[in-house]
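Here is the structure we will look at.
Only heavy atoms go into these numbers, but all of them, side chains included; no hydrogens, no water, no symmetry mates. Within every chain, numbering begins at 1; the chains are lettered A, B, ... in the order of the sequence lines, protein sequences first and strands thereafter.
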Number of protein chains: 4
Amino acid sequence: MHRGNRYGRSEDARRAVLEAADDLVAERGFAGVTVEGIAARAGVAKQTIYRWWPSKVDVLLEAFGDDLAQHLTPPDLGDLGDELREHLHRLAEFLTRSDPGAVYRALVGQAQHDPDLAARLRTGHLARQRERDRLPLLRAVERGDLPPDLDTDLAVDQLVGPVHHRVLVTGEPVPRAFTDELVRRFLAQW
Amino acid sequence: MHRGNRYGRSEDARRAVLEAADDLVAERGFAGVTVEGIAARAGVAKQTIYRWWPSKVDVLLEAFGDDLAQHLTPPDLGDLGDELREHLHRLAEFLTRSDPGAVYRALVGQAQHDPDLAARLRTGHLARQRERDRLPLLRAVERGDLPPDLDTDLAVDQLVGPVHHRVLVTGEPVPRAFTDELVRRFLAQW
Amino acid sequence: MHRGNRYGRSEDARRAVLEAADDLVAERGFAGVTVEGIAARAGVAKQTIYRWWPSKVDVLLEAFGDDLAQHLTPPDLGDLGDELREHLHRLAEFLTRSDPGAVYRALVGQAQHDPDLAARLRTGHLARQRERDRLPLLRAVERGDLPPDLDTDLAVDQLVGPVHHRVLVTGEPVPRAFTDELVRRFLAQW
Amino acid sequence: MHRGNRYGRSEDARRAVLEAADDLVAERGFAGVTVEGIAARAGVAKQTIYRWWPSKVDVLLEAFGDDLAQHLTPPDLGDLGDELREHLHRLAEFLTRSDPGAVYRALVGQAQHDPDLAARLRTGHLARQRERDRLPLLRAVERGDLPPDLDTDLAVDQLVGPVHHRVLVTGEPVPRAFTDELVRRFLAQW
DNA sequence: ATATAATCGAGACGGTACGTCGGGTCTTCCT
DNA sequence: AGGAAGACCCGACGTACCGTCTCGATTATAT
């Protein structure tokens, strides 16, 4: 078994750490995740974690991985309304029901009092997600279904903002009725 | 200085604790606030804090006080557009520039991995704020400027959601141009 | 149970720590004594140890206590030869067979690469022991059995030095024949 | 530089390790010597140390080398008193002032809580030194200056014991007056 | 001259213990 | 009765070394 040497780290250790971190967030929540706990569950030395990750949020950030891309790439259905309804519904489900959604909320929460994490989260995962969120709008513009001078930044905030607000701030449920009506109103602007 | 007596708690101690907590959030951020630190700065025994507040977030919650009501009560100007523009602008300023806004963000952040705090925050400050957010819309319905069957819950989310999203998630600035255009689009739905 | 407060430390904790330290030296030797181990066995928090003792050798130093005085006070028998023979035999037994003797050897060993410990050991236990070692000689001088200008410092080294040398350096056994002959030769000087 | 080959170890590496170890004892004391530190200073891999020495004390033991024979071979002067006076004085100087003397004290100290080291130290360096210590006495017996049935073991302990005691236990200085008087008393036994 | 294999540097790995920080509970004395 | 002070047990922090391991490079013979 590969156990690490000067020409490369142990892939086994890396995977074990990320899985342990993921499990612990799901089981005990963000506060229940400790470097000590990750190390114990992963069967790994603490030093191995500190060698590769500056802090536990970095572990979670990496464990989070491509979950956003996997869950939140909007479908290409040929109709703006259909695409937005589906995308917002998936977003709501992701945020409120999935394990990676819980990790995402934990990270965004932590980012409120950790500027460093905030910066990395935003230039990384969030920036890429924003580009994905933009896709249905860009396609609609190309088809001529939306005005060519559309402010896509604002439009994206109009769509995903209310969903995030419900989840992160008010904690209310986000049923399909909510996201569908949100899209209907959005399209009523033109 | 008052050092305890048999007929009730010390108002001095209470105020010292809340002020120390507020100062510490401003100076060192949420993570820099510890019960030990509050006690030291307030010149108060740890036990006195634990006697009256279950945890440090409760101290912050009380220190937060009526700041929301003071900063975020929408003005009554007779015109829906004017009121919404002003209200959203004040919200953006509050969230991004003020000290209590920083505390607010810290509390919302902590609430992501602290269900207990989340519940108290929502049934308290947030529920009252939501009622305030609703006022311009209700007045507009009364005036006949908006349809009487308006879903005010959704409408409020449409307005404050994008602003919160920018502040809490993407971290982008929220200039007046953004909030003004948001209101213009909102009103364009009808 | 008293558990410590601002007006005094916990006597229970103190005793538990000292006993645990003593047991551990006896069971596992000096290298087997760790602050963590003492804390675990004593049922005490590590911090409580660090609060009152700068290091583990300080714990052992205090645990060592009055063992020297108890074991190595020379008897008053009225005859110099009898007293020295008995005293040296007891010294040999103490050093080679007793638990506190093992602690003593460990402390002297550690003192070889710990100047701070060396200083405290010498101004404390060792200085007092040297005074006890001198007693039989002083009594003999008073009785006129030894010259009044006797250099007691040198005489003490002549007597206990060879025994220590055997125990600490060569590790050879120190039977009664050895100590008895040592005394015979010592007395033959005059 | 030599970097390993199939037929035998690197003499460069060996010397670098021993020198680094010696330097570190002198600079930082026994506790400051770590395998990691030796490797770093010697520009050698840790594994290279572990391949050839079981532990750091073995490195020191080898680094110690023939220092005892070099410093502590008693001179052959034809007169017992002269030889003993000189030998004990050199012993005192070696123990209290020289670098190898410091290593010697560190090793004897460590041997108090390391039975393995103790055994190797005693069957090696110490046994050979004891034979050297015996030489002046054996010569004197041959010359008829000492009785033929002399217990040389005891006699050696009588001579070097007090010096070791001062150095290792009480830490007092060992001036020439002390060693000279010690020899005078020793000779007064017959 | 080339192929081979012990040794070398480097350093990642699983561990143990370190000494520190803060948490939340307690006891005591003073007001 | 309430408050200041602070000792207590506890859990986690991030660091230092331990001793083991694997890797690719080096190099003196034995073919």
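Taking A:Ala39 as the reference, A:Lys46, A:Ile49 meet the side-chain contact (heavy atoms from CB on, under 4.5 Å) condition, with sequence neighbours excluded. Residues passing the side-chain hydrogen bond (donor to acceptor under 3.5 Å, both in side chains) test with A:Lys56: none are found, sequence neighbours excluded. Residues satisfying the side-chain contact (heavy atoms from CB on, under 4.5 Å) test with A:Asp67, not counting sequence neighbours, are A:Phe64, A:Gln70, A:His71, A:Pro100. Applying the salt bridge (Lys or Arg N to Asp or Glu O under 4.0 Å) criterion to D:Glu62, with sequence neighbours excluded, gives D:Arg14.
Ranked by how close their nearest DNA chain E nucleotide is to the 5' end, A:Arg14 and C:Lys56 are led by A:Arg14.
For residues 46-55 of chain A, proximity to DNA chain F is found at A:Lys46, A:Gln47, A:Tyr50, defined as any non-hydrogen atom under 4.0 angstrom from a strand atom. In the region residues 19-41 of chain C, proximity to DNA chain E at under 4.0 angstrom, judged on heavy atoms, holds for C:Thr34, C:Val35, C:Glu36.
Salt-bridge check for D:Glu27 with D:Arg41: passed, with a basic side-chain N closer than 4.0 Å to an acidic carboxylate O.
Panel note: side chain D:Thr48, backbone D:Val44; no donor-acceptor pair is recorded below 3.5 Å. Put simply, the side chain of D:His125 never gets that close to the backbone of D:Asp66: no donor and acceptor are under 3.5 Å apart. Judged by distance alone, with hydrogens and angles left aside, the side-chain atoms of D:Arg28 form no donor-acceptor pair with the main-chain N or O of D:Val33 at under 3.5 Å.
Rounded to whole angstrom, the span from the CZ atom of C:Arg9 across to the P atom of E:dT27 amounts to 19 Å.
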